[in-house]
Structure formats: structure tokens, C-alpha cells
Trainee: 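Structure provided below as C-alpha cells; questions to follow.
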There are 2 protein chains.
Amino acid sequence: MEQQPTTQLRMTGNRQVVLEVLRSTKSHPTAQDVFMSARDLQPQIGFATVYRTLDWLVQHGLAQEVYRDKDGAAHYDANVARHDHAICNRCGKILDVEAPLHALAYAIIERASGFRIDWHATEFSGLCAACADE
Amino acid sequence: MEQQPTTQLRMTGNRQVVLEVLRSTKSHPTAQDVFMSARDLQPQIGFATVYRTLDWLVQHGLAQEVYRDKDGAAHYDANVARHDHAICNRCGKILDVEAPLHALAYAIIERASGFRIDWHATEFSGLCAACADE
DNA sequence: CTCCTTGCAAATGCTTTGCATTTAT
DNA sequence: ATAAATGCAAAGCATTTGCAAGGAG
């Protein structure tokens, strides 16, 4: 008999809180950001748990790591669909955008390099609307 | 009288060595990689100097930081032209590619978001030819 | 001579890990 | 009951910084 895959998904209180924090924002928080928000709902939570939980969420397809900033801090997103980001050089804000990179591009690059592509992410940089206005 | 900008460019021995190391490879080395190669040519060089020099090269348009890996380590490239990368999920190799993202895309995204784009980089992931063959 | 660069070591910041305890199923 | 999750503190890396000494112009 096969083991039910759902048996593997232990959705504990901490995990619910972390996922809830991640789903309640579009700001692409770092692990530290998530930790601080999670602590408001779950005061005894430790930061190691947040790191482990974020890894777990990524491993189980409930979140993705979308960006690493200049400090090397990873930024997370509960939106697991493939999409791209525009990062403001002044304020650091991360906007979701969709780069119109045609699927044909995969074939072109694969033929030229032999690389088998299964994912891509485009990162735009410049100034967000608010910073460009100043 | 204006100060000549060339006066600012002190190309010291260390800087020449670091730039030479960077220009002699297409492997997109980390700062630690550059440090180890540089030490072969310049035994007394310290790693802090390599970090400072890489920053300096980037600041002066002689190199760019192209990628941050899972460990948060920055990878550098002496090729300062805009180009994209394909990173193998198995061996970690970084290939140069050119994503055919049309300039029109900038206008579309700028109109939709108000973001003023001045750069972009696309990161592909999957398997390189060697790893895909196994 | 003066400012910039360098080497060393210590400090920093993000993240991971060991271990004993608690918790979900 | 049993295997996994948690909290805490300590350890790990990549990177940065303070400072005194060395080097370029």
C-alpha cells in the first residue's frame, strides 16, 4: 500500500502563522521581516523556526524565494506562480511584473547552448514611480 | 580648472591582478575564487583587498556582479555588457546567454507600473548540457 | 608630503545546526 | 508511541570595517 502524501504535510501552528504572514503581504519580506511579523501572532516563536519553516514552505511549493538583496538576505513570496520583479535602486521596493519573454526564447537558447531550461526570472532595476518623482 | 577623471584611477598592482584574474575566465568566480587565483600571482594579497577591489572595479565600470548563489556569495564578471545567465541546478555552472527580451517590454512594463527601468537581467535555471546527458 | 590603498584581525549580518524538549498524528 | 517540529544558543560563511603601515603621485 502507498503512503498518502498528505500524511507528510504537518501543518503546525507555526507553519500556519508563517504562511499567513507571507500571504498577507506583497512586500516580499526577508526571513527577519517574517520573523518579526510572526512573533506578533506567535510570541514564543524562534527565528530558527522561521528559517526552517520558510525552507519547508519552499520545498513543498507553498512559497518561493524570489530575490537576494545586497546584504545577501533572501526575500520570500507566497505567490508561487512564475513572475518577475522590478527592484527600486533607491528605496529597495520590489514590484511584481510579468516580463513578456516568449516561450520561443527557451527553444532558441536551448538549441544554442544545450541547456535544458525549466525556469527563468527576470529582474529589472531602476526607480519606482515614487522615487522617480522626487 | 577641472580635475582630470583619469587622476582618480589608481591602477595598482593588486587591482591589475584582480582584473586580470577576472578577465582570464568565463566562470563567473566568487570573491573567494578570485582571491585564491589572485594569491597565485600576488602572494601577499589579503582577501579584504580583493573584496574592496571588486567593489572598486564595479564602481568604475570594469566589472559587474552578475549573480548571487544559494550561499549568498556574489559572482563577478569582467564582461560588463548586459547579458543573461543560465545556471545549472546540478553542477552550478553559469553559462552566458542572451535573452531576447525586446526593448518594447520596457515601455509596456513602465506604462503599467510607473517604474523607470534602466537595467534587467534574466536568470535561467535548469540543467546544462553535460548534466542533462547523465 | 598627503591621500589613497593595503593587510590583518575583529566585527557584522544572514543563515544553519546541535541538542534537549515538546508536539502532531 | 513515534517521528517530526521547536526553541535556544552556538557555530558557519560571506562580507565589511577599524586601524596602523605602506605606496602612489
Side-chain angles (χ1 to χ4, degrees), chain A residues 1 3-22 28-60 62-76 92 94, chain B residues 1 3-19 21-22 28-60 62-76 92:
Chain A
M1 289 187 200
Q3 183 77 20
Q4 292 287 22
T6 47
T7 307
Q8 316 291 347
L9 276 177
R10 285 205 195 180
M11 187 51 75
T12 66
N14 280 337
R15 288 177 177 168
Q16 282 174 21
V17 165
V18 170
L19 188 53
E20 197 174 308
V21 165
L22 216 51
H28 308 83
T30 62
Q32 300 286 348
D33 295 334
V34 172
F35 172 56
M36 290 188 292
S37 300
R39 210 173 26 181
D40 294 340
L41 305 169
Q42 196 91 341
Q44 85 298 346
I45 197 170
F47 62 86
T49 301
V50 172
Y51 279 101
R52 280 188 283 231
T53 300
L54 286 169
D55 280 353
W56 185 89
L57 290 174
V58 169
Q59 235 63 59
H60 290 79
L62 296 171
Q64 62 172 318
E65 192 191 310
V66 292
Y67 176 61
R68 270 184 184 265
D69 61 31
K70 298 151 195 164
D71 301 328
H75 291 248
Y76 294 87
I94 305 177
Chain B
M1 289 188 198
Q3 182 79 19
Q4 292 286 20
T6 47
T7 306
Q8 316 292 350
L9 276 176
R10 283 204 196 178
M11 187 50 75
T12 64
N14 279 337
R15 289 177 177 169
Q16 282 174 22
V17 165
V18 169
L19 187 53
V21 165
L22 217 49
H28 309 83
T30 63
Q32 299 288 346
D33 295 335
V34 172
F35 171 55
M36 291 189 291
S37 300
R39 210 171 28 180
D40 294 341
L41 305 169
Q42 196 91 343
Q44 85 298 345
I45 197 170
F47 61 85
T49 301
V50 171
Y51 279 100
R52 280 189 281 232
T53 301
L54 287 169
D55 280 353
W56 185 89
L57 290 174
V58 170
Q59 235 64 59
H60 290 79
L62 297 170
Q64 62 173 321
E65 191 192 311
V66 292
Y67 174 61
R68 270 183 185 266
D69 61 31
K70 297 153 197 163
D71 301 328
H75 292 249
Y76 294 88

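In what follows, chains carry the letters A, B, and so on, assigned in the order in which the sequence lines appear, proteins first and then strands, with residues in each chain numbered from 1.
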Trainee: What is the distance, to the nearest angstrom, from the CD atom on A/Gln59 to the P atom on D/dA5?
Mentor: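 Those two atoms, CD and P, are 12 Å apart.
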Trainee: Looking at the side chain of A/Arg10, which of C/dT23, C/dT15, D/dT16 is the nearest nucleotide?
Mentor: C/dT23
Trainee: Heavy-atom contacts under 4.0 Å between residues 43-52 of chain A and DNA chain D, which residues?
Mentor: A/Gln44, A/Ile45, A/Gly46, A/Ala48, A/Thr49, A/Arg52
Trainee: In whole angstrom, give the distance that lies between atom CZ of A/Arg39 and atom P of D/dG7.
Mentor: 12 Å
Trainee: Between C1' on D/dT6 and CE on A/Met11, what's the gap in Å once rounded to a whole number?
Mentor: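 Distance check: A/Met11 CE to D/dT6 C1' gives 16 Å.
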Trainee: Take the protein atom CZ of A/Phe35 and the nucleotide atom C1' of D/dT6, then report the distance between them rounded to whole Å.
Mentor: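 Going from CZ in A/Phe35 over to C1' in D/dT6 covers 13 Å.
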Trainee: Using whole Å, report how far CZ of A/Arg68 lies from P of D/dC13.
Mentor: 15 Å
Trainee: Tell me which pairs pass side chain to side chain donor-acceptor pair (under 3.5 Å) where either residue lies in residues 40-51 of chain B, with sequence neighbours left out.
Mentor: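 Residue pairs passing side chain to side chain donor-acceptor pair (under 3.5 Å), neighbours aside: B/Asn14-B/Gln42, B/Gln32-B/Tyr51.
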Trainee: Could you tell me which non-hydrogen atom of A/Val21 sits nearest to which non-hydrogen atom of A/Ser37, and how far apart they are?
Mentor: CG1-CB, 3.6 Å
Trainee: Could you work out, with side chain to side chain contact (heavy atoms under 4.5 Å, CB included) as the rule, every residue matching A/Met36, not counting sequence neighbours?
Mentor: A/Asp33, A/Arg39
Trainee: Between B/Asp69 (CG) and D/dA14 (P), how many Å, whole number?
Mentor: 9 Å
Trainee: Over 60° means perpendicular and under 30° means parallel, so tell me whether A/Phe47 and A/Phe35 are parallel, tilted or perpendicular.
Mentor: perpendicular
Trainee: Where is the tightest heavy-atom contact between B/Leu19 and B/Leu62, given as atom of each residue plus distance?
Mentor: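 The pair with the smallest heavy-atom distance is CD1-O, 3.9 Å.
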Trainee: Sequence neighbours excluded, which residues qualify as side chain to side chain contact (heavy atoms under 4.5 Å, CB included) partners of A/Glu65?
Mentor: A/Arg68, A/Ala74, A/Tyr76
Trainee: Pick the closest DNA chain C nucleotide for B/Lys70 and for B/Gly13 by heavy atoms, then say which residue is nearer the 5' end.
Mentor: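 Its nucleotide being nearer the 5' end, the pick is B/Gly13.
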Trainee: Going by salt bridge (charged side-chain N to carboxylate O under 4.0 Å, His left out), name the residues that satisfy it together with A/Arg52, two or more places apart in sequence or in a different chain.
Mentor: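 In terms of salt bridge (charged side-chain N to carboxylate O under 4.0 Å, His left out), with neighbours along the sequence ignored, A/Arg52 is linked to no residue.
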Trainee: Would you say A/Thr12 reaches D/dT6's phosphate, i.e. side-chain N/O to OP1/OP2 under 4.0 Å?
Mentor: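 Indeed, a polar side-chain atom of A/Thr12 lies that close.
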Trainee: Over how many whole Å does the gap from B/Asp33 atom CG to D/dA14 atom P extend?
Mentor: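 Interatomic distance, CG of B/Asp33 to P of D/dA14: 10 Å.
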Trainee: Could you give the angle between the helix axes at the two ends of the helix from C/dC1-D/dG25 to C/dT25-D/dA1, with five pairs per end, rounded to 10 degrees?
Mentor: 40°
Trainee: Could you state the CD-P distance from B/Gln42 to D/dG22, rounded to the nearest angstrom?
Mentor: 17 Å
Trainee: Give, for atom NE2 of A/His28 and atom CG of A/Leu22, the distance between the pair rounded to the nearest 0.5 Å.
Mentor: 9.5 Å
Trainee: Return yes if some donor-acceptor pair links the side-chain N/O of B/Asp71 with the main-chain N/O of B/Ala73 below 3.5 Å, else return no.
Mentor: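 Answer holds: no.
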Trainee: Below 4.0 angstrom from OP1 or OP2 of C/dT23, is there any side-chain N or O of A/Asn14?
Mentor: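 Answer is no, no contact under 4.0 Å.
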